[in-house]
Amino acid sequence: MAEEQVSARVDSWIWSVRLTKTRSVASDACRGGHVRVNGVRVKPAHAVRVGDEIRLRHDGRERVVVVSRIIAKRVGAAVAAECYVDKSPPPPPREEVVTVAVRARGAGRPTKRERRSLDKLFGRPGGEGRDRRE
């Protein structure tokens, strides 16, 4: 790296610092209006410079980064993290997943008694006598 670059394409820079998996995903995000540089929607060939603020909506969250170094080639994660200052809001908390009851392998189908207790547990209507015809 004998000489420092002054600018780079926004789609190439986003891919190089590992904000997206591929350059085509970065280009599609630009074309779709999901990338803003200093508050303005940009095309994939827009030039980014040191100090620019880039807002990228990707994978259900918004990333806000300030460019601190220009690179054009994809680099390792440690080097990529030095090329921007992350000012993104924290990701929303994950919803707690309810554990699913797992039946023992080879136990077969639940008995009528087990099924009724499961219906009662899950609050399903008509747990009692639902197989009767009137």
Side-chain angles (χ1 to χ4, degrees):
M1 291 189 180
E3 61 183 69
E4 194 72 21
Q5 289 184 329
V6 177
S7 66
R9 288 175 56 115
V10 68
D11 62 341
S12 176
W13 188 86
I14 288 172
W15 167 72
S16 298
V17 297
R18 299 175 175 263
L19 294 178
T20 59
K21 269 190 161 183
T22 64
R23 185 169 173 187
S24 62
V25 170
S27 295
D28 291 343
C30 292
R31 279 191 220 103
H34 301 289
V35 177
R36 293 176 180 258
V37 176
N38 297 327
V40 179
R41 287 184 180 170
V42 295
K43 293 181 179 180
H46 184 82
V48 292
R49 297 176 183 352
V50 174
D52 285 350
E53 179 188 73
I54 297 177
R55 291 179 175 267
L56 168 70
R57 280 186 309 169
H58 183 63
D59 289 338
R61 72 180 276 218
E62 184 175 30
R63 300 286 308 264
V64 181
V65 296
V66 177
V67 179
S68 62
R69 191 167 118 199
I70 300 294
I71 57 172
K73 298 287 183 183
R74 194 165 172 98
V75 293
V79 178
E82 297 171 359
C83 295
Y84 62 87
V85 178
D86 196 0
K87 294 188 174 189
S88 303
R94 286 186 165 184
E95 295 179 17
E96 291 186 23
V97 179
V98 178
T99 57
V100 178
V102 178
R103 194 160 172 79
R105 186 171 174 90
R109 293 175 53 171
T111 63
K112 185 180 272 190
R113 182 179 190 180
E114 290 171 336
R115 191 197 69 228
R116 285 184 177 155
S117 66
L118 287 172
D119 286 345
K120 187 177 180 183
L121 176 69
F122 291 122
R124 294 180 185 146
E128 296 296 324
R130 71 176 188 184
D131 291 337
R132 290 188 186 174
R133 293 187 180 152
E134 294 181 18

task = Compare every heavy atom of Ser88 with every heavy atom of Val64, then report the nearest pair and how far apart it is.
result = N-OG, 2.9 Å
message = Please find the pair of heavy atoms, one from Glu82 and one from Ser68, that lie closest to each other, and give the distance.
response = O-OG, 3.0 Å
Gap separating the [atom1] atom of [X] from the [atom2] atom of [Y], nearest 0.5 angstrom:
X     : Y     : atom1 : atom2 : answer
Asp11 : Cys30 : CG    : SG    : 5.5 Å
Arg63 : His58 : CZ    : NE2   : 9.5 Å
Ser16 : Lys73 : OG    : NZ    : 8.5 Å
Leu19 : Asp59 : CG    : CG    : 11.0 Å
Tyr84 : Ile71 : OH    : CD1   : 10.0 Å
Ser27 : Arg9  : OG    : CZ    : 6.0 Å

ask   = So, does Arg74 use its side chain to make a donor-acceptor pair with the main chain of Trp15 at under 3.5 Å?
value = yes
ask   = Cluster question for you: counting only ILVMFWY and a side-chain heavy-atom cut-off of under 4.5 Å, with indirect links fine, are Val25 and Trp13 together?
value = no
key: Joint cluster assignment, Val79 & Val67, ILVMFWY side-chain distance < 4.5 Å   = yes
Tabulate below the donor-acceptor pairs under 3.5 Å that side-chain atoms of residues 42-54 make, not counting sequence neighbours, or state none.
unit_1: Asp52; atom_1: OD1; unit_2: Asn38; atom_2: ND2; d: 3.1
unit_1: Asp52; atom_1: OD2; unit_2: Arg49; atom_2: N; d: 2.9

request  = Carefully, step by step, assess Asp28 and Arg31 under the rule salt bridge (Lys or Arg N to Asp or Glu O under 4.0 Å).
outcome  = CA-CA 5 Å; Asp28 291 343; Arg31 279 191 220 103; 2.8 Å; yes
query = What residue among Glu114, Arg113, Lys112 forms side-chain contact (heavy atoms from CB on, under 4.5 Å) with Arg116?
reply = Lys112
task = For Leu56 and Thr20, run side chain to side chain contact (heavy atoms under 4.5 Å, CB included): C-alpha distance rounded to whole Å, both residues' side-chain angles, the deciding distance at 0.1 Å, then the answer.
result = CA-CA 10 Å; Leu56 168 70; Thr20 59; 4.1 Å; yes
remark   = Sorted by chain and residue number, the side-chain contact (heavy atoms from CB on, under 4.5 Å) partners of Arg41 (sequence neighbours excluded) come out as Arg36
